[in-house]
Trainee: 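What follows is a single structure, and I will ask about it in a moment.
As a basis for the values below, the full set of heavy atoms in this structure was taken, side chains included, without hydrogen atoms, waters or symmetry mates.
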Amino acid sequence: VFADPMNLLTFLDNHDTSRFYRSEADTKNLNRYKQALVFLLTTRGIPQIYYGTEILMAADKANGDGLLRYFEAANRTPQQNEAFSYLKKLLQWRKGNEVIAKGKLKHFAPSKGIYAYERKLGDKSVVVFLNGTDREQTIDLNSYQEILPGSSAYNVLEDKKVELRKDLTLPGRGIYLLSF
């Protein structure tokens, strides 16, 4: 239907929908939020972030727009600051990143709750592993050798090198954002 899906707008929420988090109770666990932002900012397309998402604004569109637009900085919680810092870090990393902006997408069918994909441009790539379950998962890396060009990678989220041997363990709702 679309001539170039790499140029489509992608989003978690916008002014026509309920927010990603519909209630304050939903915001208590940031793992879902962090996975959603990593996916939004690394998959194909042009990401759109609805204002307030960076501070966990929550509201259901069914209740009207008033709650979708209200926030006072003086009331920011430690959790909202954590969410803000996380998004800021991702956006700083993404800014000017040609692999993410222009790279081809190769993804794998989810297996045991693990979703893996690669963005590749020239000899550079970014590989993402998302654990969609609440339990720790061990990934057999043999299944992903075609997207793992080296025996180690830089883990963007933890600012450290990761050794990629036989397998990789992700905590429940865990994320690996690997740069090669």
Trainee: Could you list the residues that satisfy side-chain contact (heavy atoms from CB on, under 4.5 Å) with D134, not counting sequence neighbours?
Mentor: R173
Trainee: Run the salt-bridge test on R19 and D26 with the 4.0 Å N-O cut-off and return the result as yes or no.
Mentor: no
Trainee: Under a 3.5 Å distance rule, please check whether Q35 uses its side chain to pair with a backbone N or O of G174 as donor and acceptor.
Mentor: yes
Trainee: Testing L105, D4, I100, N7 for side-chain contact (heavy atoms from CB on, under 4.5 Å) with R44, which one passes?
Mentor: L105
Trainee: Would you say K61's side chain and D16's backbone share a donor-acceptor pair under 3.5 angstrom?
Mentor: no
Trainee: Please check if the number of heavy atoms outside K112 that lie under 6.0 Å from its NZ is greater than 12.
Mentor: no
Trainee: N131 side chain to R135 main-chain N or O, any donor-acceptor pair under 3.5 Å?
Mentor: yes
Trainee: Quick check for you: to the nearest 0.5 Å, what is the distance between I55 atom CD1 and T77 atom OG1?
Mentor: 9.0 Å
Trainee: Can you spot which of L130, V126, V127 makes a side-chain contact (heavy atoms from CB on, under 4.5 Å) with Y117?
Mentor: L130
Trainee: Could you tell me if Y115 and H107 have a donor-acceptor pair between their side chains, going purely by distance under 3.5 Å?
Mentor: yes
Trainee: D123: what forms a side-chain contact (heavy atoms from CB on, under 4.5 Å) with it, not counting sequence neighbours?
Mentor: none
Trainee: Looking only at heavy atoms, which two atoms of L9 and Q48 are closest? And how far apart?
Mentor: CD2-OE1, 3.2 Å
Trainee: Which distance, rounded to the nearest 0.5 Å, do you find between the OH of Y21 and the CG of L30?
Mentor: 5.5 Å
Trainee: Where is the tightest heavy-atom contact between R76 and Q80, given as atom of each residue plus distance?
Mentor: CA-OE1, 3.0 Å
Trainee: Which is it for K106 and E146 under the salt bridge (Lys or Arg N to Asp or Glu O under 4.0 Å) test, yes or no, and what are the steps along the way?
Mentor: CA-CA 10 Å; K106 179 185 285 188; E146 67 186 276; 3.0 Å; yes
Trainee: Looking at CD1 of I147 and CG of L178, how far apart are the two atoms once the value is rounded to the nearest 0.5 Å?
Mentor: 9.0 Å
Trainee: Are the side chain of Q79 and the backbone N or O of T27 linked by a donor-acceptor pair below 3.5 Å?
Mentor: yes
Trainee: Taking salt bridge (Lys or Arg N to Asp or Glu O under 4.0 Å) as the test, write out the residues that go with K34, two or more places apart.
Mentor: E82
Trainee: Between the main-chain N or O of D60 and the side-chain N or O of S18, is there a donor-acceptor pair closer than 3.5 Å?
Mentor: no
Trainee: Are F129 and F39 connected in the hydrophobic side-chain network, where two residues link if heavy atoms are under 4.5 Å apart?
Mentor: no
